[in-house]
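Data block below; observations after.
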Amino acid sequence: MIKIMADSTCDLTQEFVKQYNIGIAALNIEIEGINYRDKIDITSDQFFERLPDMEKLPKTGAPSPEAYLNIIEKSVDEGYTEFLCICMSNGTSASFQTAKMAKDSFYEKHEDTEVKIHVVDSWSMSHGSGWLILKTAQLLEEGYRFEELVTFAETRKKCVKHLLCVDDLYNLTKSGRISNTGALIGNLLRVKPIMSMKDTKGAIVAKVRGTNKALKYYVEEFQQRYDSKWTNFIIIGYSNDKGIANDLKEKIKLKTDFLGKIHIMQMGVAVGTHVGLGGLSLFFMEKENM
């Protein structure tokens, strides 16, 4: 049997995690001196409610190798023999590295095992890795073999498209993503930087003024870029304002030819620490060579 694993920054809903029996290793978050496990000890709603009153940004840490190893060991006892672990981009987190350490540790303890473990650096963040994981789970359900799933994840990960904008640049400034001057000017002029992934890290790809123009940019980019062969669903992510995510969903339904499913999912605590309030994201698979 094949087991799909991930770290908690994939931000998939509990419904999808349960439906596909995905093993999740939680990131660690330190908030005002207290340690929490992402989505286990603190929910996204609890975090975003507290965020405006925090004097310092929380500290986030990758899952420990033991967190991954525990999932593998328990799943082997349940009869699983092949493991595909899809992690947050190695350019933004140590999650990929600790998953590889867990893999090495398992093989050291079980030298004669026939268990297969493959760890993927998704090159993605948040629902970007979530999109790749969910699509892989669907392909598993369709009957893809382990080697086919590995090939899909490794070859198509570069085509998972990210778009992210925020309402307030404060958290991005505190986490060192943009300068204080840029944040001040951006907030005064209502400029929204739109980010994507480049070379495994986040990068600003456009700047628009106001929410309506941001939504228009999202819709136009999606219509131009999405790969209809692979994109049977898209994920819209939000931090604390689900209303704007619903607005984007309706615009995509009205202004594009996309007929697949549109899932709206909330960002988790680890991702929300850097995105902050008002975050809105869109994830799909784009055409190659875009």
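- The minimum heavy-atom distance between Ser126 and Phe283, with the atom names listed, is CB-CZ, 4.5 Å.
- Side-chain contact between Ile264 and Tyr238 is present, with at least one heavy-atom pair separated by less than 4.5 Å.
- Of all heavy-atom pairs spanning Asn28 and Pro63, the tightest one is ND2-CA, 4.3 Å.
- Connection of Val219 to Met285 is not established within any shared hydrophobic cluster, with ILVMFWY side chains joined at heavy-atom distances below 4.5 Å, either directly or through further cluster members.
- Residues Glu49 and Asn240 bring no donor and acceptor atom of their side chains to less than 3.5 Å of each other.
- The backbone N or O of Val269 lies less than 3.5 Å from a partner atom in the side chain of Asp38, making a donor-acceptor pair.
- Thr151 contributes atom OG1, which lies 7.5 Å from atom CD of Glu148 (distance to the nearest 0.5 angstrom).
- With hydrogens and angles disregarded, a donor-acceptor distance shorter than 3.5 Å links the side chain of Thr136 to the backbone of Leu132.
- Separating the NZ atom in Lys207 from the NZ atom in Lys213 is a distance of 15.0 Å, to the nearest 0.5 Å.
- The shortest heavy-atom contact between Ala25 and Ala67 is CB-CB, 4.1 Å.
- Side-chain rings of Phe16 and His263 approach one another, their centers coming within less than 6.0 Å.
- Taking a cutoff of 4.0 Å between a charged side-chain nitrogen and a carboxylate oxygen, Glu154 and Lys157 qualify as a salt bridge.
- Taking the six-membered ring for Trp, Trp123 and Phe96 have ring centres at least 6.0 Å apart.
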### Task
Mind running side chain to side chain contact (heavy atoms under 4.5 Å, CB included) on Phe222 and Leu282 for me, showing each step along the way?
CA-CA 9 Å; Phe222 172 72; Leu282 176 64; 4.1 Å; yes

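- In summary, the aromatic rings of Phe284 and Trp230 are positioned with their centroids too far apart to meet the 6.0 Å limit.
- Between the side chains of Gln138 and Asn232, a donor-acceptor pair is found at a separation under 3.5 Å.
- The hydrophobic cluster containing Met88 does not contain Ile22, counting ILVMFWY residues as joined when their side-chain heavy atoms lie under 4.5 angstrom apart, directly or transitively.
- Using a distance-only test at 3.5 Å, with no hydrogens or angles considered, a donor-acceptor pair links the side chain of Thr113 to the main chain of Val115.
- Side-chain contact check for His110 and Glu73: at least one donor-acceptor pair (N or O, by modelled atom type) lies under 3.5 Å.
- Residues Val205 and Met195 have side chains not in contact (no heavy-atom distance under 4.5 Å, counting atoms from C-beta outward).
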#### Entry: Intermediate values then yes/no, side chain to side chain contact (heavy atoms under 4.5 Å, CB included), Leu12 and Met265
CA-CA 7 Å; Leu12 291 174; Met265 304 183 193; 4.1 Å; yes

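- A salt bridge links Arg50 with Glu32: at least one charged nitrogen is closer than 4.0 Å to a carboxylate oxygen.
- The hydrophobic cluster containing Ile24 does not contain Ile117, counting ILVMFWY residues as joined when their side-chain heavy atoms lie under 4.5 angstrom apart, directly or transitively.
- Following chains of ILVMFWY side-chain contacts shorter than 4.5 Å, one cannot reach Met1 starting from Leu140, and the two form parts of different hydrophobic clusters.
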Can you list, pair by pair, the side-chain donor-acceptor contacts under 3.5 Å of residues 248-259, counting residues two or more places apart and other chains?
from: Thr256; atom 1: OG1; to: Ile252; atom 2: O; distance (Å): 2.6
from: Thr256; atom 1: OG1; to: Phe258; atom 2: N; distance (Å): 3.3
from: Asp257; atom 1: OD1; to: Gln223; atom 2: NE2; distance (Å): 3.2
from: Asp257; atom 1: OD1; to: Tyr226; atom 2: OH; distance (Å): 2.7
from: Asp257; atom 1: OD2; to: Gln223; atom 2: NE2; distance (Å): 3.4

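- Two residues are said to be in side-chain contact when any heavy atoms from C-beta on lie closer than 4.5 Å; Ser196 and Lys161 meet this criterion.
- Between Lys158 and Glu288 there is a salt bridge, since a side-chain N of the basic residue sits under 4.0 Å from a carboxylate O of the acidic one.
- A salt bridge links Arg156 to Asp227: one of the charged nitrogens lies within less than 4.0 Å of a carboxylate oxygen.
- Under a hydrophobic clustering in which Ile, Leu, Val, Met, Phe, Trp and Tyr are joined whenever their side-chain heavy atoms come within less than 4.5 Å, directly or via other members, Ile42 and Leu51 fall into the same cluster.
- The existence of a salt bridge linking Glu147 and Lys116 is confirmed by a sub-4.0 Å separation between a basic side-chain nitrogen and an acidic carboxylate oxygen.
- A donor-acceptor pair under 3.5 Å is formed between the side chain of Ser239 and the backbone N or O of Gly278.
- Between the side chain of Gln46 and the backbone N or O of Thr43, at least one donor-acceptor pair lies under 3.5 Å.
- Checking side-chain atoms of Ser8 against main-chain N and O of Leu27 turns up a donor-acceptor pair under 3.5 Å.
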### Task
Would you sort out whether Tyr68 and Ser95 count as a side chain to side chain donor-acceptor pair (under 3.5 Å), showing the intermediate values?
CA-CA 10 Å; Tyr68 289 109; Ser95 177; 2.5 Å; yes

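- Residues Ile2 and Tyr144 form no side-chain contact, since every pair of their non-hydrogen atoms from C-beta on lies 4.5 Å or further apart.
- Atoms OG and CD1, on Ser281 and Ile235 in that order, are 9.0 Å from each other to the nearest 0.5 Å.
- Looking only at side-chain heavy atoms (C-beta outward), Gln97 and Asn90 come within less than 4.5 Å of each other.
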### Task
Quick one: do Leu69 and Phe106 satisfy side chain to side chain contact (heavy atoms under 4.5 Å, CB included)? Show the steps, please.
CA-CA 7 Å; Leu69 187 58; Phe106 178 83; 3.8 Å; yes

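- In this structure, the separation between OG1 on Thr273 and CD1 on Ile31 is 6.5 Å, given to the nearest 0.5 Å.
- Here CD1 of Ile4 is found 10.5 Å from SG of Cys85. Values are rounded to the nearest 0.5 Å.
- Checked against the 6.0 Å centroid threshold, Phe83 and His118 do not count as a close aromatic pair.
- Between Cys10 and Ser129, the closest side-chain pair of non-hydrogen atoms falls below 4.5 Å.
- A cation-pi arrangement is present between Lys3 and Tyr80 under the rule of less than 6.0 angstrom and at most 45 degrees off the ring axis.
- One side chain, Asp7 or Thr9, offers a donor N or O that lies under 3.5 Å from an acceptor on the other.
- Between Trp131 and Ile234, the shortest heavy-atom distance links the atoms NE1-CA, 4.1 Å.
- Contact check for Lys242 versus Gln266: no side-chain heavy atoms found under the 4.5 Å cut-off.
- The shortest non-hydrogen separation linking Asp121 to Ser89 is OD1-CA, 3.3 Å.
- You'll find the side chain of Leu164 stays beyond 4.5 Å of the side chain of Ile194, heavy atoms only.
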### Task
For Ile29 and Asn35, run side chain to side chain contact (heavy atoms under 4.5 Å, CB included): C-alpha distance rounded to whole Å, both residues' side-chain angles, the deciding distance at 0.1 Å, then the answer.
CA-CA 6 Å; Ile29 301 100; Asn35 292 314; over 6 Å; no

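- Nearest approach of Leu277 to Pro52, heavy atoms of both residues: CD1-CG, 3.9 Å.
- In this structure, Leu280 CG and Thr211 OG1 are separated by 8.5 Å, a value rounded to the nearest 0.5 Å.
- The backbone N or O of Met125 lies less than 3.5 Å from a partner atom in the side chain of His162, making a donor-acceptor pair.
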